[in-house]
Each structure stands twice: as structure tokens, then as C-alpha cells.
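So the structure is just underneath, and the comments pick up after that.
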Amino acid sequence: LRTFPGVGPTLASVIACELIDVRRFPDAGHLRSYAGLMAHEKRSHNTQLGSSPRKVCNSHLKWAFNQAAGGMLKGVPAVSAWGVTRPGVP
């Protein structure tokens with residue numbers, strides 16, 4: 001885990017302790033949902049009424065992934081440049 005930019009010893013420990021065994025998730029979508037990184041869509045008969053982040057999730061894991069993303073934005077010039085130059089994103 002520490003080979004990823006933005007993940008130091010503390011975040012690696014939190015992620016490892018909270019995930020325990022990544023093989024328990026059938027696919028990446030289930031892991032994203034467990035970590036609270038997927039938007040929850042509200043729908044009614046093919047009409048999207050809105051979306052919001054999941055509130056029922058592993059808050060420690062969500063915090064760790066958000067911290068890692070912030071560290072990656074600061075530590076990797078190519079990633080930080082991509083985040084700044086995307087058209088249409090405030």
C-alpha cells in the first residue's frame with residue numbers, strides 16, 4: 001500500500017486494518033460501495049431524482065482513501081495538473 005503516492009504508514013495501516021482481506025469483495029464496485037466512495041442514486045421509474053454520497057459506509061476507510069487522494073494531488077505533478085486543467089470542473 002505504501003507504494004501508492006499519498007499513502008504513508010498511517011493511511012496504509014488504516015486501510016489494511018479496515019479492509020482485512022480484499023478477496024471478500026466480489027469486485028471493485030462492492031469495495032467502493034463499502035468504503036462509501038460511490039454516489040447513491042435516487043430513482044423513480046427511470047427518472048433520476050438526485051444523488052448523494054453513501055452515509056452508511058466504513059467511515060475510517062472513506063477517510064483514509066480521501067486523505068490518500070489529497071496526498072496524491074499534492075505529491076504527483078501529473079495528477080495535480082490533471083485536476084486543475086479538466087474543462088468544466090470548478
Side-chain angles (χ1 to χ4, degrees):
L1 287 171
R2 292 193 53 203
T3 61
F4 291 104
V7 178
T10 303
L11 292 179
S13 296
V14 170
I15 293 169
C17 288
E18 295 297 325
L19 284 179
I20 302 167
D21 184 7
V22 75
R23 293 175 294 189
R24 66 188 176 129
F25 301 102
D27 56 38
H30 283 85
L31 173 58
R32 285 193 317 263
S33 180
Y34 176 75
L37 302 175
M38 292 182 78
H40 173 72
E41 292 185 352
K42 299 174 186 104
R43 292 184 164 271
S44 175
H45 191 63
N46 297 330
T47 303
Q48 184 173 350
L49 301 173
S51 65
S52 60
R54 285 195 55 180
K55 293 182 180 159
V56 178
C57 63
N58 185 315
S59 58
H60 296 115
L61 197 53
K62 184 176 184 176
W63 171 83
F65 282 136
N66 283 320
Q67 291 296 312
M72 191 174 187
L73 281 171
K74 290 179 185 174
V76 180
V79 174
S80 58
W82 178 81
V84 172
T85 60
R86 287 186 300 161
V89 176

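Side-chain atoms of Asp27 come within 3.5 Å of backbone N or O of His30 as a donor-acceptor pair.
The salt bridge (charged side-chain N to carboxylate O under 4.0 Å, His left out) search around Arg24 returns none, not counting sequence neighbours.
Tyr34 is not connected to Ile20 by any chain of hydrophobic side-chain contacts under 4.5 Å among Ile, Leu, Val, Met, Phe, Trp and Tyr, and they are in different clusters.
Cys57 and Lys62 get closest at one heavy-atom pair: SG-CD, 4.0 Å.
The distance from atom CH2 of Trp63 to atom CD of Glu18, rounded to the nearest 0.5 Å, is 10.5 Å. Between Ser33 atom OG and Asn58 atom CG the span is 11.5 Å, to the nearest 0.5 Å.
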Scan the side chains in residues 3-15 for donor-acceptor partners under 3.5 Å anywhere in the protein, sequence neighbours excluded, and list what turns up.
{"unit_1": "Ser13", "atom_1": "OG", "unit_2": "Pro9", "atom_2": "O", "d": "2.9"}

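With a 4.5 Å cut-off on side-chain heavy atoms, Leu61 and Leu37 do not count as touching.
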